[in-house]
Amino acid sequence: GGFINYQLEDNIETIDEFISNSKEDVIILSPKAALYNIPLKINNGDYDLLLTGNLGSKGEKGIIEDIKQKKNCIYLLEDKQYIYQESKMIKEYVKNNLKEVGKIEEFTIYKNE
């Protein structure tokens, strides 16, 4: 029941179309993940609100280990940091260890092969 402007609506449609057409799983590493996942009825668990206070007992290292284990997965990562609880450790891991394969809207696309 929120209001969004037309620019954000177009952004959501573009990202959701990318996710729907992808042959691999797509995980959005952003506090905004719910904007894109809710319309598609996607639940990526801890990834959907990837803030350091929400990562459970294994914390950031647990998420990084999970990323290492996933194969044929696409990650959308925003370079901009919005809030202080975003994990710099996870972002740096993705940037330094996964293959950058493109860009879409405000996201850089990384692939874990």
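Across every non-hydrogen atom of Ile28 and Ala33, the tightest pair is O-CB, 3.8 Å. Residues Ala34 and Pro39 come closest through the heavy atom pair O-CD, 4.0 Å. Of all heavy-atom pairs spanning Asn112 and Lys70, the tightest one is ND2-O, 2.7 Å. Across all their heavy atoms, Asp16 and Leu40 have their closest contact at OD1-CD1, 3.5 Å. In this structure, Lys111 and Leu98 approach most closely via the heavy-atom pair O-CB, 3.7 Å.
The number of heavy-atom neighbours closer than 6.0 Å to NZ of Lys99, taken from other residues, nucleotides and ligands shown, is 12 or below. The local environment of NZ in Lys103 is crowded, with over 12 non-hydrogen atoms from other residues, nucleotides or ligands closer than 6.0 Å.
Atoms OG and CD1, from Ser30 and Ile15 in turn, are 10.0 Å apart once rounded to the nearest 0.5 Å. In this structure, CD1 on Ile63 lies 11.0 Å from CD on Glu65, to the nearest 0.5 angstrom. Taking OG1 from Thr108 and OH from Tyr75, the interatomic distance works out to 15.5 Å, rounded to the nearest 0.5 Å. Rounding to the nearest 0.5 Å gives a distance of 5.5 Å between CG of Leu29 and CD1 of Ile67. The CD1 atom of Ile27 lies 12.0 Å from the CG atom of Leu77; values are rounded to the nearest 0.5 Å. The CD1 atom of Ile42 sits 6.5 Å away from atom OG of Ser20, with the distance rounded to the nearest 0.5 Å.
One hydrophobic cluster, built from ILVMFWY side chains closer than 4.5 Å, cannot hold both Ile38 and Leu35; they sit in different ones.
In this structure, the side chain of Lys91 engages the main chain of Glu78 through a donor-acceptor pair within 3.5 Å.
Looking at residues two or more places apart in sequence or on another chain, you find a side chain to side chain donor-acceptor pair (under 3.5 Å) between Tyr36 and Asn11, Glu106.
Side-chain contact check for Phe18 versus Leu76: some heavy-atom pair is nearer than 4.5 Å. Within the 4.5 Å cutoff, the side chain of Glu13 has heavy atoms near those of the Glu9 side chain. Between Asn43 and Asn37, the closest side-chain pair of non-hydrogen atoms is not below 4.5 Å.
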